[in-house]
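Single-structure report; data block below.
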Amino acid sequence: MPPTADFPDVRRPDAATVLVSPWLVPEARFQRPAADAVLAAWEDQPRPDAMLALATFLSADGSHVLNYAQWTDDRAHREWVRTRRPAAIAPVDEAVPGIRRPGLTRYRRYRSHVPEERPAARPGFLATPVFATTGPDAQRALADTVVDLLGRARVPGLLGAHFHLAQDGGRVLNYAEWADASARREFLAGGTADRLRAAIDALPGVTAAPAVPVEHAEHATAGGPARPPVSGYQLYKTLVNVPSPRPR
């Protein structure tokens, strides 16, 4: 099945593990070639049935490609890494020299907020707030707090907030689907965002964290923009290896 322009089905029930990895590129013009190379590498090799889908996103600041991969289980992915990854990565490095890979984080989706009145339109923008946490209790407390608060609010343009818990207990990723970037900007300027910030600040063991580890981020130049605290993305392409069993 060739890559499509559809967002992945984040809530598919067979995706027991989610692998999220940013690939930093030397310049913004290398984003698309890097994403094309990784998708081509997957198309050109036998894919295990445990590999369900791979979505590639281009960061709005031009610094990296975000890979969002869904697998049935970690064992199958680790076996692929052991036996097939070097051969799959080599063509990407040849196509785009200078890519840096801070590493992947293994997540499991925990809870989602999807408005009942969600329109049929596909998302136009992805934001990925990330939080450092001190363990599973802090992870669940954060996700539960935000999902419950969003359930009592009306946020125009928010199509879904899907909370992913890192398997080591140290991070939470909010995979937030928006109608467009302007809807998110309007949300951030409103009262619901203020209440969310206050609620999160009151949680023990939770601190905001960069989506890309700071040791791998470029320092802003005197005349250039600083890296945004929350990365925003446009979907590039999604490769679906196994169709989702859940009706969309």
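Count residues from 1 along the sequence.
The aromatic rings of Phe7 and Phe57 lie perpendicular to each other, with more than 60° between the two planes, well past the 30° mark. Between Tyr107 and His164, the two ring planes are perpendicular [angle over 60°; tilted spans 30° to 60°].
A single hydrophobic cluster is seen to contain both Leu104 and Leu239, as judged by linkage of ILVMFWY side chains at heavy-atom distances under 4.5 Å, directly or through other members. Residue Ile99 is grouped with residue Leu54 when hydrophobic side chains (ILVMFWY) are merged at heavy-atom distances under 4.5 angstrom, including chains of intermediate members. Phe163 and Leu158 fall within a single hydrophobic cluster, where Ile, Leu, Val, Met, Phe, Trp and Tyr are joined by side-chain heavy atoms under 4.5 Å apart, directly or via other members. Put simply, Leu188 and Phe131 are part of the same group of oily side chains (I, L, V, M, F, W, Y) that touch within less than 4.5 Å, one to the next. Note on Leu39: it does not cluster hydrophobically with Leu66, by side-chain heavy-atom contacts below 4.5 Å among ILVMFWY residues.
Heavy atoms only, all atoms of each residue included: Ala34 and Val92 are closest at O-CG1, 4.4 Å. The two residues Gln70 and Ala15 come nearest to each other via the heavy atoms CB-CB, 3.9 Å. Across all their heavy atoms, Ala41 and Ala88 have their closest contact at CB-O, 3.4 Å. Among all heavy-atom pairs drawn from Gly169 and Thr133, the shortest one is O-OG1, 2.8 Å. Nearest heavy-atom pair across Gly157 and Ala183 is CA-CB, 3.9 Å. The shortest heavy-atom contact between Ala143 and Tyr110 is CB-CD2, 3.6 Å.
Pro156 places none of its side-chain heavy atoms less than 4.5 Å from the side chain of Glu186. Two residues are said to be in side-chain contact when any heavy atoms from C-beta on lie closer than 4.5 Å; Thr128 and Asn174 fail this criterion. With a 4.5 Å cut-off on side-chain heavy atoms, Val206 and Ile200 count as touching. You'll find the side chain of Arg100 stays beyond 4.5 Å of the side chain of Pro26, heavy atoms only. The shortest side-chain heavy-atom distance between Leu24 and Pro102 falls under the 4.5 Å cut-off. Between Met51 and Val242 the shortest side-chain heavy-atom distance does not fall below 4.5 Å. Two residues are said to be in side-chain contact when any heavy atoms from C-beta on lie closer than 4.5 Å; Asp148 and Val146 fail this criterion. With a 4.5 Å cut-off on side-chain heavy atoms, Arg11 and Val114 count as touching.
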Output, in order, the C-alpha distance, side-chain angles, deciding distance and verdict of side-chain contact (heavy atoms from CB on, under 4.5 Å) for Asp14 and Leu52. CA-CA 8 Å; Asp14 53 349; Leu52 303 176; 3.7 Å; yes
For Asp73 and Arg78, run salt bridge (Lys or Arg N to Asp or Glu O under 4.0 Å): C-alpha distance rounded to whole Å, both residues' side-chain angles, the deciding distance at 0.1 Å, then the answer. CA-CA 9 Å; Asp73 62 275; Arg78 293 183 191 278; over 6 Å; no
Please assess Trp23 against His64 for the test ring pair (Phe, Tyr, Trp, His ring centres under 6.0 Å), listing each intermediate value before the final yes or no. CA-CA 5 Å; Trp23 287 13; His64 64 283; over 10 Å; no
Taking it one step at a time, do Val10 and Tyr68 satisfy side-chain contact (heavy atoms from CB on, under 4.5 Å)? CA-CA 10 Å; Val10 180; Tyr68 179 94; 3.4 Å; yes
Criterion side-chain contact (heavy atoms from CB on, under 4.5 Å) on Asp9 and Arg246, from CA distance to verdict: CA-CA 8 Å; Asp9 181 5; Arg246 191 179 73 89; 2.7 Å; yes
Could you walk me through whether Leu19 and Thr105 pass the side-chain contact (heavy atoms from CB on, under 4.5 Å) test, one step at a time? CA-CA 6 Å; Leu19 311 171; Thr105 302; over 6 Å; no
Where do Lys237 and Asp36 land on the salt bridge (Lys or Arg N to Asp or Glu O under 4.0 Å) test, with the steps shown first? CA-CA 9 Å; Lys237 294 177 183 176; Asp36 283 333; 3.5 Å; yes
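Asn241 places a side-chain N or O within 3.5 Å of a backbone atom of Pro48 that can act as its donor or acceptor partner. One N or O on the side chain of Thr4 and one on the backbone of Asp6 form a donor-acceptor pair closer than 3.5 Å. Checked by atom type and distance alone, the side chain of Gln139 pairs as donor or acceptor with a backbone atom of Ala166 at under 3.5 Å.
Environment of CG in Asp49: sparse, with no more than 12 heavy atoms of neighbouring residues, nucleotides or ligands closer than 6.0 Å. Environment of CZ in Arg106: crowded, with over 12 heavy atoms of neighbouring residues, nucleotides or ligands closer than 6.0 Å. By the 6.0 Å contact criterion, CZ on Arg108 is enclosed, its count of non-hydrogen atoms from other residues, nucleotides or ligands being greater than 12.
From Arg12, atom CZ reaches atom OG1 of Thr72 across 9.5 Å, with rounding to the nearest 0.5 Å. We find the CG-NE2 distance between Leu149 and His113 to be 9.5 Å, quoted to the nearest 0.5 Å. Here CD of Gln31 is found 10.5 Å from OH of Tyr236. Values are rounded to the nearest 0.5 Å. Interatomic distance, Leu126 CG to Leu58 CG, rounded to the nearest 0.5 Å: 11.5 Å. Here the straight-line distance linking atom CG of Asp201 with atom OG1 of Thr207 works out to 10.5 Å at 0.5 Å rounding. Atoms CG and CZ, from Leu142 and Arg111 in turn, are 11.5 Å apart once rounded to the nearest 0.5 Å.
Between Arg185 and Asp180 there is no salt bridge, since no side-chain nitrogen of the basic residue lies less than 4.0 Å from a carboxylate oxygen of the acidic one. With salt bridges taken as basic N to acidic carboxylate O contacts below 4.0 Å, one links Arg101 and Asp93.
Under the 3.5 Å distance criterion, with hydrogens and angles disregarded, a donor-acceptor pair is assigned to the side chains of Gln167 and Thr17. A donor and an acceptor atom, one from each side chain of Arg195 and Thr192, are located under 3.5 Å apart.
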